[in-house]
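The structure appears right after this line, and notes come after that.
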Amino acid sequence: MKILMLGSPGAGKGTQAQWIAKKYGIAHISTGDILRVNIKNETELGKKAKIYMDQGLLVPDDLICDLVINRIFHLDVVNGYVLDGFPRTLSQAEVLTAALDQSDVKVDHVIYIEVPDAKIVNRMSGRRVCLVCGATYHVKYNPPKVEDKCDICGGVLILRDDDKPETVRKRLDIYHAQMHTLIDYYNAASILVKVDGTKDIDKVFQDIVKILGV
Ligand code: AMP
């Protein structure tokens, strides 16, 4: 199964993608997580990406596209994958389609999690991310069992720089500039399904499972 997740930053893509990956036994590929690991490890990619990410800007396509394409043809994704955070622009979508076409592979579902902007800034200031494994939580909607501690690995939970309100507003502006074309692109291919992301996260997951099938 090959799934793409679309939605604004803070729409809940990351959590839903983690749950989908677990339920269906497929790989969860988060471009944001991959970039953050690179930043943490101070790789060349990480150093370049950090400059954009800290400002809430998109990382240039030449840094991200090859990385994703290599990853989705990697061995541990034989059962499929859920791509979280890619594509984010029409050109990224076109690169992805071209790479899949070459191998005669198709995306099965594009899940678009819709949440109005008004809710996003509020949500993101409560988001916490594990520094070690990248798992995401929310202080109100999806709290860890122990405050500021990851349930999965015990790592420290932090508020990401790019989840701070001023950066979130910038990310939303950038998101809106790109997302309409991306939605039109996948609508035209008749594989896009909208999900109401304002509901409780468990309910959102149930709605997604209905789409994907048990
Ligand atoms: P995320 O964790 O998906 O919200 O991504 C965090 C940040 O990583 C974004 O604000 C971008 O700076 C960068 N990023 C992640 N995925 C992409 C992508 N597909 N294209 C460009 N930049 C990306």
Side-chain angles (χ1 to χ4, degrees), residues 1-40 49 53 56 58-59 64 67-68 71-72 77 80-88 92 109-117 119-144 148-153 155-164 167-168 171-172 174-175 178-179 182 193-209 211-212:
M1 191 183 307
K2 292 165 197 70
I3 303 164
L4 310 183
M5 304 290 291
L6 302 185
S8 51
K13 296 188 301 291
T15 303
Q16 298 298 334
Q18 275 174 31
W19 292 2
I20 292 169
K22 194 165 168 212
K23 179 170 172 68
Y24 294 95
I26 59 179
H28 172 204
I29 304 174
S30 155
T31 45
D33 285 353
I34 295 172
L35 293 170
R36 281 183 287 278
V37 168
N38 276 274
I39 291 175
K40 193 171 156 222
M53 288 170 75
L58 289 181
V59 168
I64 198 95
L67 184 133
V68 172
R71 186 78 183 81
I72 62 175
V77 300
Y81 46 80
V82 49
L83 255 182
D84 159 18
F86 188 97
R88 263 191 162 82
Q92 291 181 4
H109 302 278
V110 180
I111 311 258
Y112 170 40
I113 305 185
E114 220 177 2
V115 179
D117 280 5
K119 292 212 165 200
I120 294 286
V121 178
N122 183 18
R123 266 192 189 186
M124 286 178 77
S125 57
R127 188 152 83 159
R128 298 292 180 272
V129 179
C130 176
L131 266 179
V132 179
C133 74
T136 54
Y137 299 85
H138 192 283
V139 290
K140 189 166 163 208
Y141 306 115
N142 180 28
D148 293 335
K149 201 167 176 186
C150 179
D151 291 351
I152 300 166
C153 74
V156 177
L157 304 182
I158 55 146
L159 172 65
R160 278 165 30 187
D161 280 344
D162 59 351
D163 283 345
K164 292 179 179 159
T167 317
V168 170
R171 289 171 71 192
L172 284 171
I174 292 169
Y175 161 78
Q178 302 291 340
M179 201 43 67
L182 209 47
V193 188
K194 278 188 195 177
V195 173
D196 177 359
T198 62
K199 295 183 189 171
D200 187 83
I201 52 171
D202 294 311
K203 183 73 184 64
V204 176
F205 187 59
Q206 283 171 21
D207 290 348
I208 292 175
V209 169
I211 295 162
L212 302 180

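Numbers here are sequence positions counted from 1.
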Residues Y175, L6; criterion side chain to side chain contact (heavy atoms under 4.5 Å, CB included); working and verdict
CA-CA 10 Å; Y175 161 78; L6 302 185; over 6 Å; no
Before giving the answer on side chain to side chain contact (heavy atoms under 4.5 Å, CB included), spell out for F86 and I29 the whole-Å C-alpha distance, their side-chain angles and the decisive distance to 0.1 Å.
CA-CA 9 Å; F86 188 97; I29 304 174; over 6 Å; no
Could you walk me through whether I3 and I26 pass the side chain to side chain contact (heavy atoms under 4.5 Å, CB included) test, one step at a time?
CA-CA 10 Å; I3 303 164; I26 59 179; 4.0 Å; yes
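Residue Y24 holds its OH atom at 9.0 Å from CD1 of I208, rounded to the nearest 0.5 Å. Rounding to the nearest 0.5 Å places CG of D207 at 4.0 Å from NZ of K199. Considering CD of E114 and OG of S8, their distance stands at 9.0 Å, rounded to 0.5 Å. Here the OH-CG distance, from Y112 to L182, works out to 10.0 Å after rounding to the nearest 0.5 Å. Q206 contributes atom CD, which lies 8.5 Å from atom CG of D200 (distance to the nearest 0.5 angstrom). In this structure, CD1 on I34 lies 12.5 Å from CD1 on I39, to the nearest 0.5 angstrom.
Taking all atoms of both residues into account, the shortest heavy-atom contact from A135 to I152 is CB-CD1, 3.7 Å. Closest approach of G155 to V132, counting heavy atoms only: CA-CG2, 3.8 Å. The two residues A17 and D84 come nearest to each other via the heavy atoms CB-CB, 3.8 Å. Residue G56 comes nearest to R171 through the heavy atom pair O-CG, 3.4 Å, listed as atom of the first residue, atom of the second, then distance. In terms of heavy atoms, D196 sits closest to T198 at OD1-OG1, 2.6 Å. For G134 against V129, the heavy-atom pair with the smallest separation is O-CG1, 3.9 Å.
In this structure the side chain of P144 reaches within 4.5 angstrom of the side chain of L157, judged on heavy atoms. Side-chain contact between M53 and R160 is absent, with no heavy-atom pair separated by less than 4.5 Å. Using a 4.5 Å cut-off on side-chain heavy atoms (C-beta onward), T136 and Q18 make contact. Here the side chains of L212 and I111 are in contact, with some heavy-atom distance below 4.5 Å. Side-chain atoms of T15 and H138, non-hydrogen and from C-beta on, never get closer than 4.5 Å to each other. Within the 4.5 Å cutoff, side-chain heavy atoms of I20 are placed close to those of F205. The side-chain heavy atoms of W19 and I201, taken from C-beta on, include a pair separated by under 4.5 Å.
Heavy atoms of other residues, nucleotides or ligands lying less than 6.0 angstrom from NZ of K119 number 12 at most. Atom NZ of K2 has more than 12 heavy atoms from other residues, nucleotides or ligands within 6.0 Å.
Remark: of the listed residues I64, T31, L58, I64 is the sole one forming a side chain to side chain contact (heavy atoms under 4.5 Å, CB included) with Q92. Exactly one residue among D161, T167, D162 makes a side chain to side chain donor-acceptor pair (under 3.5 Å) with K164. That residue is D161.
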Could you list the donor-acceptor pairs under 3.5 angstrom formed between side-chain atoms of residues 120-128 and any protein atom two or more places apart in sequence or on another chain?
unit_1	atom_1	unit_2	atom_2	d
R123	NH1	G10	O	3.1
R123	NH1	A11	O	3.3
R123	NH2	G197	O	2.6
S125	OG	N122	O	2.9
R127	NE	D163	OD2	3.0
R127	NH2	D163	OD1	3.1
R128	NH1	S125	O	3.1

